[in-house]
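Here's the structure we're looking at; comments come further down.
These numbers come from a predicted model, not from an experiment. Side chains included, hydrogens not; waters and symmetry mates left out as well; all remaining heavy atoms used.
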Number of protein chains: 2
Amino acid sequence: MTEVKFRGDLGANSDSLFKALSDGTRRALLEYLVREGEQNVVALTAVAGVSQPMVSRHMGKLKRAGLVTARRTGRETWYAARTKGLGPVVQWMAIYGALWSQRFTPMEHAGD
Amino acid sequence: MTEVKFRGDLGANSDSLFKALSDGTRRALLEYLVREGEQNVVALTAVAGVSQPMVSRHMGKLKRAGLVTARRTGRETWYAARTKGLGPVVQWMAIYGALWSQRFTPMEHAGD
DNA sequence: AATTTTCATAATCATCTGGTTATGAATTGG
DNA sequence: CCAATTCATAACCAGATGATTATGAAAATT
């Protein structure tokens with residue numbers, strides 16, 4: 001239910017994407033991966049401020065949302081930010097953001 | 001709690017922003033406002049697929065997140081998409097999106 | 001072989017959240 | 001003045017969600 005016929009959504013998984021981004025801890029983990037590159041669960045747990053199982057679950061959601069990749073080697077799982085994962089959000093921003101704010105020029109300098 | 005010392009957040013309300021965007025119905029309502037311009041609750045309810053009280057609550061969240069404005073005239077409340085509301089998300093995308101996808105030219109490729 | 005490390009999953013729990021119906025306050029209209 | 005319209009809020013409910021501790025499997029180390 002909750003059909004909203006006029007919805008201009010970008011696929012069903014764009015919902016899981018927005019949901020994945022809605023949690024601060026999850027965003028922080030993703031940001032960390034972007035900045036520091038591939039990390040295993042121990043490293044992520046050390047920095048996340050929540051328990052290891054919680055980190056695993058958060059990473060699971062990020063993975064299902066397409067925002068990270070998981071590479072298992074031996075007993076470790078290495079997570080990395082997934083390049084194209086934000087695509088649908090970018091698209092959404094393009095459609096519903098650029099329409100009204102043209103300040104969409106992403107700036108070449110990330111950290112400055 | 002849940003302190004994550006490395007978090008590069010853009011203000012506390014950026015959290016309410018992402019949360020506001022995490023719900024599909026809310027996104028749909030926002031999209032509708034962007035496309036159709038200022039609307040009152042009756043119009044929004046007609047199109048939202050949920051009850052009027054629910055629409056009111058959704059609009060409340062969007063308002064608190066800075067994504068819409070509310071203008072009351074008589075017994076009607078007119079909601080409109082708020083231009084600058086997506087700013088923090090755009091910034092976040094710029095920092096954590098542009099870093100890895102060298103630059104997101106949004107409209108170019110809608111399919112992939 | 002025994003132990004430690006790494007990770008995911010299960011069992012629980014409290015809280016948040018989306019949804020509903022009911023109600024009531026204003027405003028508008030007959 | 002009474003009725004209808006518009007909206008927000010309250011009361012309530014079911015399910016999702018973030019968090020914890022406990023556990024167990026698999027790999028690495030001793």
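Between B:D23 atom CG and C:dT17 atom P there is a gap of 11 Å when expressed in whole angstrom units. If you take CZ of B:F18 and C1' of C:dC16, they are 20 Å apart, rounded to a whole angstrom. For the pair B:R57 CZ and C:dT21 P, the interatomic distance rounds to 14 Å; values are reported in whole Å. At whole-Å resolution of the value, CE in B:M54 and P in C:dC16 are 16 Å apart. With rounding to whole Å, A:K61 atom NZ is found 15 Å from C:dT9 atom C1'. Note: CG (A:L62) to P (C:dC7) measures 16 Å, nearest angstrom. D:dC7 atom P lies 9 Å from atom CG of B:L44, rounded to whole Å. Rounded to an integer number of Å, the gap from A:R71 CZ to D:dA27 P is 16 Å.
The side chain of A:R26 places an N or O atom within less than 4.0 Å of a non-bridging phosphate oxygen (OP1 or OP2) of D:dG18. Under 4.0 angstrom from either OP1 or OP2 of C:dG19 there lies at least one side-chain N or O belonging to B:T25. Contact check, A:K19 against D:dA16: no side-chain N or O comes under 4.0 Å of OP1 or OP2. One finds no side-chain N or O of B:H58 lying less than 4.0 angstrom from the OP1 or OP2 phosphate oxygen of C:dT17. Distances shown here put a side-chain N or O of B:Y79 below 4.0 Å from the OP1 or OP2 atom of D:dA8.
As judged by a 4.0 angstrom heavy-atom cut-off over every strand, B:S56 is placed among the base-contacting residues. Within 4.0 Å (heavy atoms only), A:S51 reaches at least one base atom of the nucleic acid.
The base of C:dA8 sits with one of its N or O atoms less than 3.5 Å from a complementary donor or acceptor on the side chain of A:Q52.
Taking the side chain of B:R75 as heavy atoms from C-beta on, and the options C:dT27, C:dG19, D:dT17, the nearest nucleotide is C:dT27. With D:dG18, C:dA8, D:dA8 as the candidates, the nucleotide lying closest to the side chain of A:P53 is C:dA8. Considering only side-chain atoms of B:N40, the nucleotide from C:dC7, D:dG18, D:dC7 that sits closest is D:dC7. Distances were taken from every side-chain heavy atom of A:R72 (C-beta onward) to each of D:dT20, C:dG18, C:dC7; the shortest belongs to C:dC7.
Note: A:L67 CG to A:K61 NZ = 12.5 Å, rounded to the nearest 0.5 Å. Taken to the nearest 0.5 Å, the CZ atom of B:F18 stands 15.5 Å off from the NZ atom of A:K19. Atom-to-atom distance recorded for A:R26:CZ and A:L62:CG is 6.5 Å, nearest 0.5 angstrom. Atom CG in B:L29 sits 10.0 Å away from atom CE in B:M54 (nearest 0.5 Å).
With A:R71 contributing its side chain and A:W78 its backbone, the two residues share no donor-acceptor pair below 3.5 Å. Looking only at distances, a side-chain donor or acceptor of B:R27 sits under 3.5 Å from a matching main-chain atom of B:L21.
Mapping A:G74 and A:S22 onto DNA chain D by nearest heavy atom places A:S22 closer to the 5' end of the strand.
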